[in-house]
Protein chains: 2
Amino acid sequence: MTDSILVFMIFWDDLESESKPGIALKNNSIKKEIISILSLSGNVTIPDLSKKLVISVPKITALVNELIADSIVSDYGKSTVASGRKPSVYGLVADSGFFLGVDIKHSHINIGLIDLCKNLASTSKHIPYTLTNERHSLDELCNIIKTFIANSAIPGDKIVAMGLNLSGRINSTTGYSYSFFHFNEDPLSVYLEQATGIKTFIENDSRAMAYGEYIAGAAKNEKNVLFLNLDYGIGMGIIINGQLYYGKSGFAGEFGHIPFFDNEIICQCGKKGCLETEASGRALTHLFREKIKSGYASIITKDMAPEDIKLSHIIQAVKDDDVLAIDLIAEIGEKLGKGIATLINLYNPELIVLGGALAETSEYILLPIKSAINKYSLNLVNTDTQIKLSQLNENAGVVGACFLARDRVLEAR
Amino acid sequence: MTDSILVFMIFWDDLESESKPGIALKNNSIKKEIISILSLSGNVTIPDLSKKLVISVPKITALVNELIADSIVSDYGKSTVASGRKPSVYGLVADSGFFLGVDIKHSHINIGLIDLCKNLASTSKHIPYTLTNERHSLDELCNIIKTFIANSAIPGDKIVAMGLNLSGRINSTTGYSYSFFHFNEDPLSVYLEQATGIKTFIENDSRAMAYGEYIAGAAKNEKNVLFLNLDYGIGMGIIINGQLYYGKSGFAGEFGHIPFFDNEIICQCGKKGCLETEASGRALTHLFREKIKSGYASIITKDMAPEDIKLSHIIQAVKDDDVLAIDLIAEIGEKLGKGIATLINLYNPELIVLGGALAETSEYILLPIKSAINKYSLNLVNTDTQIKLSQLNENAGVVGACFLARDRVLEAR
DNA sequence: ATTAATTAATAAAATATTTTAGTAAAAGGC
DNA sequence: GCCTTTTACTAAAATATTTTATTAATTAAT
């Protein structure tokens, strides 16, 4: 069967339709559960499914055979594990569907494509793009996506869904973006769907990164995880019971704007005293420039004016053992650590993953954070919380976007 | 049938046993679902159940009849709603099982008993008891519980389970209490089970109160709720997606001990700068005494030495329009409000319920809290968050304990 | 290498569940 | 007050699912 994705989508729509008599509806819901199990745990055997779903072997066999006939599922040969007759293992047909992930950074876009079996099919990194809150910037974005699809080996109609990350405030349930591209009556997700022809889910960048680390990075197999996106601003993605937590209107996790300091620095958000005003990449950049202006030495300043110094330069300087940069990152780390201690007391998570530009300084920021946590959070609570650096780094966003699109479609519960 | 609880428990154990052939197992699990639906939404009809569970009417009819034969369910007559032949409504048999709730306060205990249908069967409030971390205090507690059962009209063997609240750190999954009664190898819940003969679930007091407000108080029908227990200390109960959130090891919600102030006041927990050090009943009491000592006037001091002033006196003074008390509670409210703004930014809840002793001052504490929230939390985030006063007040704990015991047994998912 | 033990797969028999069709009960319009 | 419409309930027929029994495939032990 050549156009299996068409089959897949027709099949899926069919499963979705609830206007069936009881038994067809039941079979469909069992089929969805089977797909969900296959999607979650890779390849499984018929006895496995039978036990897990408490449905007899012949029944499961019949349904799996139907899924095979629809080319959604395939027999992948015999299991290798011990004693007794070896069962056939079944899995999803990888190329019967693809999922696109689009991660929009400050000055570039990363795009990725995964298949039904979570394999990366193709990527394109660092596509130049400037995100501004204007219509032409949105148009350009759509063109970049369309070009990527046109250039990829996968036919466009095999792409089942797309996940797209934006910074700022996003309600991923309704599909509205409030900080960028809020031009139309319709939600941004609907606009993108119409422009690209692909079912679209939008998500806040930090949340998508959190999801990426949860599915394929540092937070695999954990259930309650906080992901901190330490960049110019501070974002947070919250995973509770293995699912992204959104709060009432999708804005949970505004860690950067908790009233944490008694200072007079006006934050991006308009308030003063936000955590971000003293503990963020932006704060670090300001601090660094001030220090340089007041005469401190650094390897950076050899060929750069203070006002041209970017966060990336400072991060690089830390890696190059620049003393000023190291001192300042430690200062930021100490303050962040006190904030993280607050998070630990409130969420008692099993893991906190540090990502974003600042996390690239690894031990330089990790140690002051850890010592602040010990100082400021309850011992009984923090002993169970691990602190880890991001594993996916700058790929966390794309990976998260791909998987969000996939899981929204496949693992809908 | 006289001893229906015995039947209920035998029946329940039977449902639990997983060593059955497929079909009996399936029927049992559907029966459990039926009980869970009845328990959740009161009385329902057979067509309702059929639609909800996607199981044919004759099958549901057969299972409901079995449940009736077991006297777990009863036919409660015809529905009153419109058009067409009126269906029979079925519900749980109220007195086939009871659930005990024990709420341990600083100097007294409240005990309550509800039946399967959530009706309050009996209560006993303000039983004198002093909670100390000693064996004889635990023994006394067991005696009080046994006496309550002996004196109630309900035979002890009809009590299916008991919920018990304690302040301090509790892991309700394992049943261990760390702050009180941590004498034995076994979890406290097991000790209590052996001492009283009743299946016991222990819970942190603030969490139980949160659950009470969620099931039967100010937070009915909400899904993401924070409950603040504003007393000598500050406790928090978190409800996410309609369920109590515990965190990795059951300590989530340590709001009172977030590092919030840059002061030198040593907290109960040993750290300094905790929110509790300046924004709690304990802080209020200290402040009040200091003010009195330094010459401020108050209606309280007429017949009391400064060191004898208790939190309850100050709360009463606020209600009696005492200016000093009102000023100080507003000061506490402002600081608490800033802390709550942090919670709103992090959790984006739909509702925050204020309970505990301080909440009894109602508007006097509510207004400064609300104005601090507006000042310190992001507008886009806080517009969706309602702030309400507790509806159950000092009953929140007992009610929560009863319902927790009930729901742990009945709505196990 | 043959046999015993273990687990998978399948066919047929036994059982269960859903459908269908018909009856019952209620409300509202004429 | 009768007829139409709507929904509930029930019995029997039709269909589906599980059980049981049998065969197949594999490992480990003799």
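Residue numbering restarts at 1 for every chain, and letters A, B, ... go by the order of the sequence lines.
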- Message: Can you see if the side chain of B:S56 gets near the phosphate of C:dT19 - specifically, an N or O under 4.0 Å from OP1 or OP2?
- Response: no

- Message: Counting only side-chain nitrogens and oxygens, does A:S88 get under 4.0 Å of the OP1 or OP2 atom of C:dA9?
- Response: yes

- Rounded to whole angstroms, how far apart are CD1 on A:I23 and C1' on C:dA16? 11 Å

- Task: Indicate whether the side chain of B:D407 and that of B:Y211 have a donor and an acceptor atom separated by less than 3.5 Å.
- Result: yes

- Query: Does A:K86 have a side-chain nitrogen or oxygen under 4.0 Å from the phosphate oxygens OP1 or OP2 of C:dT6?
  - Reply: no

- Item | Rounded distance (nearest 0.5 Å) linking atom CD of B:Q243 with atom OH of B:Y214 | 7.5 Å

- Item | Spacing of B:D48 atom CG relative to D:dT7 atom P, expressed in whole Å | 13 Å

- Rounded to the nearest Å, what distance is computed from the CZ atom of residue B:R85 to the P atom of nucleotide C:dG22? 17 Å

- Item | Proximal nucleotide (of D:dC9, C:dT18, D:dT18) relative to the B:K26 side chain | D:dT18

- Message: Can you tell me which nucleotide in C:dT18, C:dA8, C:dA11 comes closest to the side chain of A:P47?
- Response: C:dA8

- Message: Just to be sure I understand the rule, does B:T45 reach a base, reach only the sugar-phosphate, or reach nothing, if contact means heavy atoms closer than 4.0 Å?
- Response: nothing

- Short side-chain N/O contact to D:dT17 OP1/OP2 from A:K59, under 4.0 Å: yes

- Task: Nearest whole angstrom, please: distance from the C1' of D:dT18 to the CG of B:N27.
- Result: 12 Å

- Which whole-number value in Å describes the distance from B:L49 CG to D:dA8 C1'? 14 Å

- Task: Could you please spell out the steps behind the salt bridge (Lys or Arg N to Asp or Glu O under 4.0 Å) verdict for B:K31 and B:E66?
- Result: CA-CA 9 Å; B:K31 281 186 189 178; B:E66 285 179 32; 2.7 Å; yes

